[in-house]
*Asks:* 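What follows is a structure written as structure tokens; I'll ask about it next.
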Amino acid sequence: MRIGVVGAGTMGSGIAQVAAFHGHQVYLQDAQTEALERGLGRVRKSLERVAARKEGAEAEGLVEQTLSRLTSGVELEPLGESELVVEAVFENFEVKKSIFETLDGLCPPAAILASNTSSISITRLAAATGRSERVIGMHFMNPVPVMKLVEVIRGVATSDACFEATRDLALDLGKTPVEVNDFPGFVSNRVLLPMLNEAMFAVMEGVAKPEAVDQVMKLGMNHPMGPLQLADFIGLDVCLDILNVLYEGFKDPKYRPCPLLRQLVDAGRLGRKSGHGFYRYE
Ligand code: 3HC
């Protein structure tokens with residue numbers, strides 16, 4: 001399949017990598033050359049990790065063969081050759097809406113337009129296009145090459161044929177698709193973010209230090225990462241955006257973002273990517 005990916009950040013580059021690895025022809029687009037360079041660097045490094053776990057013939061050529069199926073550029077036009085495009089830019093409705101309008105004009109009528117959004121309404125994005133039945137959510141988890149889940153989100157108008165094609169692609173990428181409907185935060189972030197938020201309240205109220213909260217959840221509940229470590233990994237700005245979508249979407253105070261989270265984001269402490277969040281990073 002010819003697959004387009006818009007946005008070469010952590011998620012976009014991960015999606016492009018997995019698609020190229022599984023034999024698809026991928027065009028990765030980003031408006032910024034530096035973002036593309038960083039994204040392709042991440043793909044190479046990640047593929048080298050994948051290759052290091054394999055042996056003999058399987059490992060040989062894995063990196064170069066995968067990269068040979070991956071082209072990239074700042075131009076939007078090559079996306080018009082895609083059978084399916086996954087949009088993976090940052091969480092801003094107006095930006096995503098404008099990308100969907102552009103893609104709708106560029107791509108053949110039969111192409112599927114998918115969004116990797118973590119919480120923005122698929123139905124609203126679909127309404128920006130003239131093909132709402134072929135717009136869908138394809139929500140990958142970070143790190144994309146490792147995590148098995150893809151939440152496949154049906155907008156109000158998404159057709160069965162579009163859902164089935166997207167589900168089949170997720171299976172082809174070695175993922176496990178799970179069907180969900182279009183409500184704020186879908187399932188993953190509606191369940192995950194309140195837990196991360198509660199952990200932040202516990203720190204803010206002095207119940208325990210971040211290390212202690214994380215240890216409780218890692219050792220007591222067998223989570224691979226504690227909630228504050230995970231929030232830093234996701235990005236504190238992304239966590240705040242998602243909580244705001246939940247809070248606005250349901251108008252329920254239980255989704256109120258923790259003031260400590262707001263404060264850290266205001267201070268530019270965005271987690272791992274900025275070198276400082278609840279923890280410091282080299
Ligand atoms: N590319 C390729 N392989 C990778 C990789 C990458 N980017 N990152 C890790 N790996 C591989 C490693 O090579 C290793 O493979 P092996 O077991 O065969 O040797 C395996 O994954 C485990 O990696 P590490 O040993 O380096 O580290 P850990 O065992 O600590 O695992 C982790 C790292 C997989 C990130 C684990 O800590 C984890 O599962 N954390 C939770 C992640 C999570 O919850 N993600 C979801 C976030 S929410 C989200 O994405 C939704 C969004 O909308 C907010």
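Ligands are counted one by one from 1 in listed order, and the atoms in each one are counted from 1 as well.
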*Asks:* Which of the numbered atoms in ligand 1 are under 4.0 angstrom from any heavy atom belonging to Arg53?
*Replies:* 3 (N), 11 (C), 12 (C), 13 (O), 14 (C), 15 (O), 16 (P), 18 (O), 19 (O)
*Asks:* We want to know whether Asp214 and Tyr279 form a side-chain donor-acceptor pair, criterion being a heavy-atom distance below 3.5 angstrom.
*Replies:*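 Their side chains do contain a donor-acceptor pair, which is all the 3.5 Å distance test asks for.
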*Asks:* Which residue and atom name correspond to the protein heavy atom nearest atom 39 (O) of ligand 1, and how close is it?
*Replies:*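 For atom 39 (O) of ligand 1, the nearest protein heavy atom comes out as Pro224 CG, 3.8 Å.
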*Asks:* Going by the atom numbers of ligand 1, which of them fall below 4.0 Å from some non-hydrogen atom of His139?
*Replies:* 51 (C), 52 (C), 53 (O)
*Asks:* Quick one: does Val238 get a heavy atom under 4.0 Å from ligand 1?
*Replies:* no
*Asks:* Quick one about Asn189 and Ser119 (side-chain donor to acceptor, distance below 3.5 Å, no hydrogens or angles considered), yes or no?
*Replies:*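 There is no such pair between these side chains.
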*Asks:* What residue and atom, counting heavy atoms only, is the protein's closest point to atom 44 (O) of ligand 1, and at what distance?
*Replies:* Leu230 CD1, 3.6 Å
*Asks:* Can you confirm whether some protein heavy atom lies under 4.0 Å from atom 17 (O) of ligand 1, or whether none does?
*Replies:*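 Looking at atom 17 (O) of ligand 1, one finds that no protein heavy atom lies closer than 4.0 Å.
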*Asks:* Report, as yes or no, whether the 6.0 Å neighbourhood of atom CD on Glu48 holds more than 12 heavy atoms from other residues, nucleotides or ligands.
*Replies:*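 Enclosed: over 12 neighbouring heavy atoms sit under 6.0 Å from CD of Glu48.
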*Asks:* Under a 4.0 Å threshold between the charged nitrogen and the carboxylate oxygen, would Glu64 count as salt-bridged to Arg69?
*Replies:*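 No, Arg69 and Glu64 are not salt-bridged.
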*Asks:* Is the shortest distance from a heavy atom of Gln17 to ligand 1 less than 4.0 Å?
*Replies:*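 In this structure, Gln17 fails to qualify as a contact of ligand 1 - no heavy atom is under 4.0 Å.
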*Asks:* Are any non-hydrogen protein atoms located under 4.0 Å from atom 27 (O) of ligand 1?
*Replies:*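 Under the 4.0 Å cut-off, atom 27 (O) of ligand 1 has no protein heavy-atom neighbours at all.
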*Asks:* With Ile136 as reference, evaluate Val86, Val152, Ile153 under the side chain to side chain contact (heavy atoms under 4.5 Å, CB included) test and give the passing residue.
*Replies:* Val152
*Asks:* Is there a side-chain contact between Leu196 and Ile234, using heavy atoms and a 4.5 Å cut-off?
*Replies:* yes
*Asks:* When you measure from atom 23 (O) of ligand 1 to every protein heavy atom, which one gives the shortest distance, and what is it?
*Replies:*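 Going by distance alone, atom 23 (O) of ligand 1 is nearest to Arg49 NH2, 3.8 Å.
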*Asks:* Of all the atoms in ligand 1, which lie at a distance below 4.0 Å from a heavy atom belonging to Ile234?
*Replies:*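 Close to Ile234: 48 (S), 54 (C).
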*Asks:* Within a distance of under 4.0 Å, is there any protein heavy atom near atom 4 (C) of ligand 1?
*Replies:*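 Yes, because at least one protein heavy atom sits under 4.0 Å from atom 4 (C) of ligand 1.
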*Asks:* Less than 4.0 Å between a side-chain N and a carboxylate O, is that true for Glu179 and Arg154?
*Replies:*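 Salt bridge between Arg154 and Glu179, a charged N being under 4.0 Å from a carboxylate O: yes.
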*Asks:* What part of Pro145 sits under 4.0 Å from ligand 1 if we count only heavy atoms: the side chain, the backbone, both or neither?
*Replies:*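 Side chain only; the backbone of Pro145 stays clear of ligand 1.
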*Asks:* Going by the atom numbers of ligand 1, which of them fall below 4.0 Å from some non-hydrogen atom of Met141?
*Replies:* 49 (C), 50 (O), 51 (C)
*Asks:* Partners of Phe250 by ring pair (Phe, Tyr, Trp, His ring centres under 6.0 Å), sequence neighbours excluded?
*Replies:*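 Partners of Phe250 under the ring pair (Phe, Tyr, Trp, His ring centres under 6.0 Å) test: Tyr255.
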*Asks:* Among Gly235, Cys239, Pro227, Ser46, which one has a heavy atom closest to atom 7 (N) of ligand 1?
*Replies:*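 Checking each option, the heavy atom nearest atom 7 (N) of ligand 1 is found in Ser46.
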*Asks:* Would Lys54 and Glu60 pass as an ion pair if we require N to O under 4.0 Å?
*Replies:*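 Result for this pair is no, no salt bridge flagged.
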*Asks:* Report, as yes or no, whether the 6.0 Å neighbourhood of atom CZ on Arg124 holds more than 12 heavy atoms from other residues, nucleotides or ligands.
*Replies:* no
*Asks:* Any non-hydrogen protein atom below 4.0 Å of atom 30 (O) of ligand 1?
*Replies:* no
*Asks:* Flag the pair Glu34 and Arg38 as a salt bridge only when some basic side-chain nitrogen lies within less than 4.0 angstrom of an acidic carboxylate oxygen.
*Replies:*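 No, this pair does not count.
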*Asks:* Nearest 0.5 Å, what's the CE-CG distance between Met11 and Asn116?
*Replies:*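 Reported value, rounded in 0.5 Å steps: 4.5 Å.
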*Asks:* Val146 heavy atoms, cut-off 4.0 Å: which ligand 1 atoms fall inside?
*Replies:* 3 (N), 4 (C), 5 (C), 8 (N), 9 (C), 10 (N), 11 (C), 21 (O), 34 (C)
*Asks:* Give the contacting part of Met225 toward ligand 1: side chain, backbone, both or neither, where contact means a heavy-atom distance below 4.0 Å.
*Replies:* side chain
*Asks:* Could you see which bit of Asn142 sits under 4.0 Å from ligand 1, with heavy atoms only: side chain, backbone, both or neither?
*Replies:*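 Within the 4.0 Å criterion, Asn142 contacts ligand 1 through backbone and side-chain atoms alike.
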*Asks:* Quick check on atom 48 (S) of ligand 1 - does any protein heavy atom sit closer than 4.0 Å to it?
*Replies:*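 Yes; the ligand atom in question has protein heavy-atom contact below 4.0 Å.
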*Asks:* Which ligand 1 atoms are under 4.0 Å away from a heavy-atom of Leu192?
*Replies:*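 Ligand 1 atoms under the 4.0 Å threshold to Leu192: 48 (S).
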